[in-house]
Amino acid sequence: MRSFWSEPFLWIHLAGLTAVPIFLGICFLGLTAGEPILPIWLEIFLVAVVGITPVLGMQILRPFYIFSILALAIKPEQLNEQQRRLLSQFKTKVNRVVAVLAAVFMLLVLIQIYDATPAVASFAPFLPQSHNLGLMLACVAFLLGNLFLQIPVSVALVVLTDEAKLAATEPYEVERISQDFTIPGWRVNKILPPMVEE
């Protein structure tokens, strides 16, 4: 086992992948609500832009700061050297390329979802009949689906990093973390204990 695998934040965010099918299911139901108003290609374009662009932009320009949970984030100055080395791995070219590939994958999934909406026509009476409301729900769900795919995929790349390569990585400069990463929530000194004692 690689020493940095004891970092609990890696596994918490990796587990977020399990939420992707749930949000895609909600997106699917949203798209089936009511009768379409816009042309099919325009609806797909709208959901894709709202769902993919913000998350992809974040991951390319200012990757998600993984040392956070819900509304809490560890202050950058509280990170140890190994944690800052892990952060450096999120700023590689490989991570950006994989983020683009993940976005393309989700676009293809969205097209398949839209193509499958006629198959649930029999459930239409049980769904909201406002297509505008359904489209808004689909956009939000697809956005969350992208978020919960992009972050675990980037974490998976880091988890698979060779230990020697990580050890040779320069720790990310504390002063630059706030401007180079998207840090959500209230900043605190500590959230979780390590899996093993340092």
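These values consider heavy atoms only, across backbone and side chains, with no hydrogens, waters or symmetry-generated copies.
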Check whether [X] and [Y] end up in the same hydrophobic cluster, where Ile, Leu, Val, Met, Phe, Trp and Tyr are linked by side-chain heavy atoms less than 4.5 Å apart.
X: V188; Y: I12; result: yes
X: V97; Y: I151; result: no
X: L166; Y: L160; result: no
X: I22; Y: V109; result: yes
X: L107; Y: V100; result: yes

Considering non-hydrogen atoms only, spot the tightest contact between [X] and [Y] and give its length.
X: S88; Y: Y172; value: OG-N, 3.3 Å
X: A73; Y: P184; value: CB-O, 3.2 Å
X: Y114; Y: I40; value: CE2-CG2, 3.5 Å
X: G16; Y: P152; value: C-CG, 3.9 Å

Under a 3.5 Å distance rule, please check whether [X] uses its side chain to pair with a backbone N or O of [Y] as donor and acceptor.
X: R84; Y: E170; answer: no
X: Q78; Y: K190; answer: no
X: Q83; Y: N80; answer: yes
X: T182; Y: R62; answer: yes
X: K91; Y: L61; answer: yes
X: W5; Y: L10; answer: no

Is the closest side-chain heavy-atom distance between [X] and [Y] below 4.5 Å?
X: P76; Y: R187; value: yes
X: V159; Y: W11; value: yes
X: L157; Y: Q89; value: no
X: V20; Y: L17; value: yes
X: T161; Y: T169; value: no
X: L110; Y: I52; value: no
X: L87; Y: D180; value: no
X: V98; Y: S154; value: no

Drop me the distance from [X]'s [atom1] to [Y]'s [atom2], to the nearest 0.5 angstrom.
X: Q112; Y: L24; atom1: CD; atom2: CG; result: 12.0 Å
X: W41; Y: I111; atom1: CH2; atom2: CD1; result: 13.5 Å
X: I113; Y: L108; atom1: CD1; atom2: CG; result: 11.0 Å
X: Y65; Y: F90; atom1: OH; atom2: CZ; result: 11.5 Å
X: L149; Y: F23; atom1: CG; atom2: CZ; result: 12.5 Å
X: T32; Y: H131; atom1: OG1; atom2: NE2; result: 9.0 Å

In a table with atom names and distances, give each donor-acceptor pair under 3.5 Å that connects a side chain of residues 132-148 to protein atoms at least two apart or in another chain.
unit_1 : atom_1 : unit_2 : atom_2 : d
N146   : ND2    : G51    : O      : 3.3
N146   : ND2    : F142   : O      : 2.9

**Prompt:** Parallel, tilted or perpendicular for H13 and F9, by the 30°/60° rule?
**Reply:**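 The arrangement is parallel - the two ring planes meet at less than 30°.
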
**Full working for side chain to side chain contact (heavy atoms under 4.5 Å, CB included) between L56 and Q150** = CA-CA 8 Å; L56 179 60; Q150 288 280 7; 4.1 Å; yes

**Prompt:** Does a sphere of radius 6.0 Å around CG in L70 hold more than 12 heavy atoms from other residues, nucleotides or ligands, not counting ones at 6.0 Å or beyond?
**Reply:**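 Atom CG in L70 is not crowded, with 12 or fewer foreign heavy atoms closer than 6.0 Å.
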
